[in-house]
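These notes concern the structure reproduced below.
Protein chains get the first letters and strands the later ones, always in sequence-line order, with residue 1 at the start of each.
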Number of protein chains: 2
Amino acid sequence: MTTPRPGSRAEQRRRTEARILDAAAGVFVAAGYERATIRAVASAAGVDAGLVMHYFGSKQELYRRVIDAAPLPEVSGAPEEAVDQILATLAARLASEPTASLALLRSMLTNPEAASVASVGMARYQAQIADVIAADDASLRASIISAVILGVTVSRHLVKSDDLATADPARVISLLRPCLLALAAEGHASQ
Amino acid sequence: MTTPRPGSRAEQRRRTEARILDAAAGVFVAAGYERATIRAVASAAGVDAGLVMHYFGSKQELYRRVIDAAPLPEVSGAPEEAVDQILATLAARLASEPTASLALLRSMLTNPEAASVASVGMARYQAQIADVIAADDASLRASIISAVILGVTVSRHLVKSDDLATADPARVISLLRPCLLALAAEGHASQ
DNA sequence: GTCTATAAAGAGATAGAC
DNA sequence: GTCTATCTCTTTATAGAC
């Protein structure tokens, strides 16, 4: 992790690569994996399509590099705390446009690799949530919570056409809290 | 809407067309619009690709015919009734595989036409829900409810990798009810 | 009514020039 | 390091044979 002096070959390459990755994230978000073209990425980054291939080797690899940047949130503690953590993460995702995550979500339904990455990520997230829920159906409750977060994120950033797209994140969060608390709180484990 | 006698030209055509539509729905659900090919549809229907084009003219038109079959649920009455209606519809969608709707959902994020159809449908659904909520932020609450339903449906049928995919619909519904009631119930309109 | 053959366009990927 | 030219494959869509 050295930082070559500006102007050096390596440094320039790093910059160009970063610019391409940025552009690629944008294109993947806007178009989804299948519809995104190397050419579009290149043109958005202000370089040639051949260069993109030269750096990343394939479209799949470029895509992989983009979604590798998608962070996995951590959850732990008491149920109420966990809900607050989940909502805090969501609030951040509503406020800004989490490009890498959106690229992943957008492509999740059509690209097998995206689907598998998303699956694994969601499963891990759900497992963390399930761990803090005391009910016997904890894992189902966790799945539903995660589905709710998914639905809200997709509706706001990708489907748009929503009051959700323009709403103040704080209001969304405050409306969602009782909802998630009902799911995370043990007590009336059905049956 | 006449029903030609079996064996006639028109009747055979109708049957073949129906078989193609069926196959197409399956392919669109499994692959999404971009990845679905006319060839795959034709082969799934046991006919030639040329025949599919001959009947439907274009891939877009075939797709349109498939998603035209997706039903729009109705909601009305008191908030509690509305929630029950929403949940009843969801229960049905969890129990069976609503092919046309899934084709729409799967393609929603990559296909402009699917996106617009989905937008319109969701907006209409949200408007109905908003109508039965008395709060001043009714439309935001309705959007969130609709996002929740979207998230659960997508998680179960498309993302799969979930406890949701195998769960008993009745349990999902009973976990979701307090959640939706919290959203649909007026009372503490924030601010 | 159904299928074969083919045209036309677009994509990812490769080789090599500058 | 960056771009030009091109190959090859896949796809939709068309025209016409059976």
With a 4.5 Å heavy-atom cut-off, do [X] and [Y] have their side chains touching?
| X | Y | value |
| --- | --- | --- |
| A:Asn111 | B:Arg35 | yes |
| A:Ile149 | A:Leu180 | yes |
| B:Leu102 | B:Phe28 | no |
| A:Ser76 | A:Asp131 | no |
| B:Thr99 | B:Asp22 | no |
| B:Leu158 | A:Met108 | no |
| A:Glu34 | A:Ser107 | no |

Inset, instruction - Return the residues of residues 18-29 of chain A meeting this criterion: a heavy atom under 4.0 Å from some atom of DNA chain C. Order them by number, or give none. - result: none
Legend entry - Positions of residues 107-117 of chain A (non-hydrogen atom under 4.0 Å from DNA chain C), listed by number: none
Inset, instruction - Mark yes when over 12 heavy atoms from residues, nucleotides or ligands other than A:Arg124 sit less than 6.0 Å from its CZ; otherwise mark no. - result: no
Legend entry - Crowding at CZ, A:Arg19 (>12 non-hydrogen neighbours, <6.0 Å): yes
Inset, instruction - Report the residue from A:Arg141, A:Gln126, A:Gln128 that forms a side chain to side chain donor-acceptor pair (under 3.5 Å) with A:Ser146. - result: A:Gln126
Legend entry - Partners passing side chain to side chain donor-acceptor pair (under 3.5 Å) against A:Thr153 (at least two apart in sequence or in another chain): none
Legend entry - Check: A:Thr166 side chain, A:Asp163 main-chain N or O, donor-acceptor pair, under 3.5 Å: yes
Legend entry - Any donor-acceptor pair under 3.5 Å from B:Ser96 side chain to B:Arg93 backbone: no
Inset, instruction - Kindly calculate the angle separating the two end axes of the helix from C:dG1-D:dC18 to C:dC18-D:dG1, each obtained from five base pairs, and round it to 10 degrees. - result: 0°
Legend entry - Contact interval (first through last nucleotide) of DNA chain C with protein chain A, 4.0 Å heavy-atom: C:dA11 to C:dT14
Legend entry - Worked check of side chain to side chain donor-acceptor pair (under 3.5 Å) between B:Tyr33 and B:Glu113: CA-CA 10 Å; B:Tyr33 183 85; B:Glu113 171 157 3; over 6 Å; no
Inset, instruction - Please assess B:Glu61 against B:Arg65 for the test salt bridge (charged side-chain N to carboxylate O under 4.0 Å, His left out), listing each intermediate value before the final yes or no. - result: CA-CA 6 Å; B:Glu61 185 56 29; B:Arg65 291 283 304 275; 5.5 Å; no
Legend entry - Contact list for DNA chain D against residues 46-61 of chain A - heavy-atom distance below 4.0 Å: A:Val47, A:Asp48, A:Leu51, A:His54, A:Tyr55
Inset, instruction - Answer with base, sugar-phosphate or nothing: what part of the nucleic acid does A:Ala36 contact at a heavy-atom distance below 4.0 Å? - result: sugar-phosphate
